[in-house]
Trainee: 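One structure follows; several queries about it will come next.
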Number of protein chains: 2
Amino acid sequence: MTTPQLTKNQSLVFDVLEKAEGPLSAYTILDKLRDHGFRAPLQVYRALEKLLEYGVVHRLESINSFVACAHPGDDCHSHGIVAFAICESCGQVMEFHDHEVDHRLMGWVRGQKFKPAKTTIEIRGLCEACAA
Amino acid sequence: MTTPQLTKNQSLVFDVLEKAEGPLSAYTILDKLRDHGFRAPLQVYRALEKLLEYGVVHRLESINSFVACAHPGDDCHSHGIVAFAICESCGQVMEFHDHEVDHRLMGWVRGQKFKPAKTTIEIRGLCEACAA
DNA sequence: CAATTGATGTAATAACATAACATCTGCAAT
DNA sequence: ATTGCAGATGTTATGTTATTACATCAATTG
């Protein structure tokens with residue numbers, strides 16, 4: 001899927017996420033955009049919904065937050081399942097892909113005749129700097 | 001870790017989860033326990049916290065719900081990372097383990113000198129019956 | 001008994017997410 | 001050009017999930 005032109009609100013939300021050091025909650029994004037006229041959570045959630053659909057933003061289920069995709073220029077969908085390592089101390093997120101992991105998980109679901117729609121892999125812990 | 005004797009509230013919450021067909025939210029558990037004297041969310045969350053610690057209950061991050069561990073008698077911790085396939089139609093949850101997936105993920109984090117604490121693998125989709 | 005610890009009870013509030021409805025804007029069809 | 005539609009936006013209210021703060025209670029132990 002190619003990313004369509006972003007609307008005004010989508011661009012604002014995406015810019016905030018791109019400039020952020022780490023993942024942000026929807027309400028944090030809202031606060032950062034009040035100066036730009038944002039008044040209600042729905043403005044953020046609606047933009048996020050599209051950005052997620054386009055694959056330029058990821059949702060981190062385990063911390064109810066959102067990050068810009070770490071692979072600008074690539075089409076995230078081409079990488080298969082995206083995995084995240086999330087530092088619980090500094091908030092830094094590392095995004096990665098592992099075809100063998102995808103293969104094993106998809107092999108298992110195929111054996112169960114389960115039809116996967118969306119897969120979440122999130123590793124919470126401490127990054128090298130914070131673990132020291 | 002061996003599971004200690006459960007307290008009254010822990011037992012009540014665990015029983016509700018064991019008898020349930022699928023995952024339950026904390027507030028659903030609360031409603032089911034009002035007859036047993038539960039009045040506030042915290043009574044549920046506190047019990048869940050311990051049950052999660054003992055490994056007899058799992059939290060499904062992507063749907064903000066909880067399930068009893070599908071491997072009674074086993075110590076879940078001995079299985080390494082637990083993965084879930086969650087049917088978005090009927091709510092059924094399948095729990096499984098894959099050592100190769102664990103190995104790949106842990107290999108990756110080791111390469112990053114990341115110290116993992118808790119890993120989530122959740123596949124949402126449709127179970128065989130619902131996909132038909 | 002006093003002190004400590006872990007479990008519990010209760011109220012209030014914080015944090016996350018969606019429903020429902022109104023309005024606006026750009027554009028295609030006639 | 002105007003009508004009609006679709007998508008985006010604005011606004012209010014509400015629903016859902018989770019935690020903070022503080023009080024009480026029960027069992028244990030020094």
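Within every chain, numbering begins at 1; the chains are lettered A, B, ... in the order of the sequence lines, protein sequences first and strands thereafter. All values reported here derive from a predicted model rather than from experimental measurement.
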Trainee: On DNA chain C, check which nucleotide each of Ile63(A) and Arg39(B) is closest to and give me the residue with the more 5' one.
Mentor: Arg39(B)
Trainee: At under 4.0 Å, does any side-chain N or O of Gln43(A) touch on OP1 or OP2 of dT9(D)?
Mentor: no
Trainee: Evaluate side chain to side chain contact (heavy atoms under 4.5 Å, CB included) for Leu105(A) paired with Phe96(B), printing each intermediate quantity in order.
Mentor: CA-CA 10 Å; Leu105(A) 292 177; Phe96(B) 66 103; 4.0 Å; yes
Trainee: For the backbone of Ile81(B) and the side chain of Asp102(B), can you confirm whether one donor and one acceptor N or O come within less than 3.5 Å of each other?
Mentor: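 Yes; judged by distance alone, with no hydrogens or angles, the pair exists.
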Trainee: Just to confirm, is there a sub-4.0 Å distance from OP1 or OP2 of dA18(D) to any side-chain nitrogen or oxygen of Asn64(B)?
Mentor: yes
Trainee: Can you tell me the distance, in whole Å, between the CG atom of Leu30(A) and the P atom of dG10(D)?
Mentor: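 The answer, rounded to whole Å, is 12 Å.
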Trainee: CZ of Phe66(A) versus C1' of dA15(C): gap in Å, rounded?
Mentor: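 In whole Å, dA15(C) C1' lies 13 Å from Phe66(A) CZ.
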Trainee: Before accepting this row, confirm whether a basic side-chain N of the pair Arg46(A)/Glu49(A) lies closer than 4.0 Å to the acidic partner's carboxylate O.
Mentor: no
Trainee: Measuring to OP1 and OP2 of dA18(D), would you say a side-chain N or O of Arg59(B) lies under 4.0 angstrom away?
Mentor: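 For dA18(D), OP1 or OP2 has a side-chain N or O of Arg59(B) closer than 4.0 Å.
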Trainee: So, OP1 or OP2 of dT18(C): does either fall under 4.0 Å of a side-chain N or O from Tyr45(A)?
Mentor: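 Negative; the distance criterion is not met.
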Trainee: Would one find a side-chain N or O of Asn9(A) under 4.0 angstrom from OP1 or OP2 of dG10(D)?
Mentor: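 True: Asn9(A) side-chain N/O within range (under 4.0 Å) of dG10(D) OP1/OP2.
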Trainee: Under 4.0 angstrom, heavy atoms only, what part of the nucleic acid is Arg46(A) near: base, sugar-phosphate, or nothing?
Mentor: base
Trainee: Report the distance from atom CG of Asp31(A) to atom P of dA15(C), rounded to the nearest whole Å.
Mentor: 10 Å
Trainee: Over 60° means perpendicular and under 30° means parallel, so tell me whether His97(A) and His71(A) are parallel, tilted or perpendicular.
Mentor: tilted
Trainee: Between dT9(D) atom P and Leu12(A) atom CG, what is the distance in whole Å?
Mentor: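 So the CG-P distance, Leu12(A) to dT9(D), works out to 9 Å.
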Trainee: Using only side-chain N and O atoms of Thr7(A), determine if any of them is under 4.0 Å from OP1 or OP2 of dG7(D).
Mentor: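 Indeed not, no polar side-chain atom of Thr7(A) lies that close.
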Trainee: Would you mind reading off the distance between Gln10(B) atom CD and dG9(C) atom P, rounded to a whole angstrom?
Mentor: 12 Å
Trainee: Does Tyr27(B) lie flat on the base of dT16(D), that is, centres under 5.5 Å apart and planes under 30° off?
Mentor: no
Trainee: Could you tell me whether the side chain of Glu122(A) and the main chain of Phe84(A) form a donor-acceptor pair under 3.5 Å?
Mentor: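 Absent.
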Trainee: What is the distance, rounded to the nearest whole Å, between atom CD of Gln5(A) and atom P of dT25(C)?
Mentor: 19 Å
Trainee: In whole Å, I'd like the distance from the CG atom of Leu42(A) to the P atom of dC16(C).
Mentor: 16 Å
Trainee: Between C1' on dT20(D) and CD on Glu49(B), what's the gap in Å once rounded to a whole number?
Mentor: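 For the pair Glu49(B) CD and dT20(D) C1', the rounded distance is 13 Å.
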